[in-house]
2 protein chains.
Amino acid sequence: MTKTAMPGFSPCNNATLRRAARKLSRFYDDVIAPSGLKGTQYGLLYQIYVGSEPAMGTIAEEMVMDLSALGHTLKPLIRDGYVETFADKDDRRVRRVRLTLLGLAKLEETTKLWSFAQQRFEALVGQQRAADLRAMLDEVTELDYEVPPAAPSS
Amino acid sequence: MTKTAMPGFSPCNNATLRRAARKLSRFYDDVIAPSGLKGTQYGLLYQIYVGSEPAMGTIAEEMVMDLSALGHTLKPLIRDGYVETFADKDDRRVRRVRLTLLGLAKLEETTKLWSFAQQRFEALVGQQRAADLRAMLDEVTELDYEVPPAAPSS
DNA sequence: TTCAATTAGTGGCATATACCACTATTCCGG
DNA sequence: CCGGAATAGTGGTATATGCCACTAATTGAA
């Protein structure tokens, strides 16, 4: 009897997702490694690039990432001179982020490498299936998992 | 004009996958938090449980995880007394892993919490779509990304 | 049998990512 | 205008994960 035949049982969606993420990340990381960036860093530079000097909170939302995690991830990029932060003029709580010239050059350099990985992946799974996969993943990302509390307090 | 309308361009599959993984992991993590375990730790205990005192390398392969990463991840579980390692009788290089009684109890306790998360997720996206998603993710995991070297040296 | 090559893990280091506690600002009701 | 509530980030701590260098053990070929 197959394990998956047990009624009501399904393999952990979370574990399956993380496993795939590990594997795919390693592939993208390997391909863009000559740039010295990791996949996450590249994605972050790209987000900053397409945003209009976005606030940290804005980036965190777009990347569905914890704000403090973003802060930590940003540090090596600041240290290496790819991005810089500055206070918002109207709200001094807000820190905005922009690419430096060096960062922009690095982004362009890395994009060339990235497109190898992207094309290779889509050649393997097919463009349509890749698009389908992204659509499902975006759906997972946008889901509202909130379980309404049984007894709302107050 | 839409960004995605640019021919040949598609959003980064890797970034999309990681983003979804962050979100879903946070959900599973939140639900099983009362057990004191993280999703990865739970998955790891489960792998050890279903294996027959698996060697570390075997677990790493099954989880598609770097062997040293597995070693690091195992440490807090050993520290907390959930798992223990021992040398293989026939090959002293090999370290095998098993659950302790405490670890087994923790696994059972956490499985109850896990099934809430699993069921909630599948209620939201549908059992069939969840199965489809896992199938696609497994495919991504199993892909052979190797690009044949242009000029094989030697 | 003996030594080079391979295999299995470990430890160090770096990034990825989360939560919590804390600070600095801003906002808002009275 | 003032003080409490809300908002934006930072820093600390812990796990997650990978690569590299290194050790220990096994294997294999001369």
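Lettering follows sequence order; numbering is per chain, from 1.
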Does a side-chain N or O of [X] approach OP1 or OP2 of [N] to a distance below 4.0 Å, or not?
X: A:R18; N: D:dA16; result: no
X: A:R22; N: D:dA16; result: no
X: A:R92; N: C:dT26; result: yes
X: B:T40; N: D:dT17; result: yes

Nucleotide [N], atom [atom2] - distance to [atom1] of [X] in whole Å:
X: B:D29; N: D:dA14; atom1: CG; atom2: C1'; answer: 13 Å
X: B:D30; N: C:dC19; atom1: CG; atom2: C1'; answer: 10 Å
X: A:K38; N: D:dA16; atom1: NZ; atom2: C1'; answer: 11 Å
X: A:K89; N: C:dT26; atom1: NZ; atom2: P; answer: 14 Å
X: B:L70; N: C:dT10; atom1: CG; atom2: P; answer: 9 Å
X: A:M65; N: C:dA18; atom1: CE; atom2: C1'; answer: 11 Å
X: B:N14; N: D:dG18; atom1: CG; atom2: C1'; answer: 14 Å
X: B:L44; N: D:dT17; atom1: CG; atom2: C1'; answer: 13 Å

B:R26 has its side chain closest, among C:dT15, D:dG18, C:dC19, to C:dC19
Go through C:dT15, C:dT17, D:dT15 for me and flag the one nearest to the B:P76 side chain. D:dT15
Using the six-membered ring wherever Trp is involved, compare the ring planes of B:F121 and B:Y28 and label them parallel, tilted or perpendicular (cut-offs 30° and 60°). tilted
Are side-chain N/O atoms of B:T111 and B:Y42 paired as donor and acceptor at under 3.5 Å? yes
Distance only, no hydrogens: is a donor on one side chain within 3.5 Å (strictly under) of an acceptor on the other, for A:Q41 and A:T73? no
Could you pick out which residue, A:V64 or A:D90, lies toward the 5' side of DNA chain C when each is mapped onto its nearest nucleotide? A:V64
Reading nucleotides 2-11 of chain D from 5' to 3' and marking B where a protein heavy atom lies under 4.0 Å of the base, S where only the sugar-phosphate is that close, and - otherwise, the string is ----BBSBBB
Which part of the nucleic acid, if any, lies within reach of B:R19 when heavy atoms closer than 4.0 Å are counted: base, sugar-phosphate only, or nothing? nothing
Is the shortest distance from a Lys or Arg side-chain nitrogen in [X] or [Y] to a carboxylate oxygen in the other one below 4.0 Å?
X: B:R96; Y: B:E53; answer: no
X: B:E142; Y: A:K23; answer: no
X: A:D88; Y: A:R93; answer: no

Other residues, nucleotides and ligands only: do more than 12 of their heavy atoms fall within 6.0 Å of CZ on B:F116? no
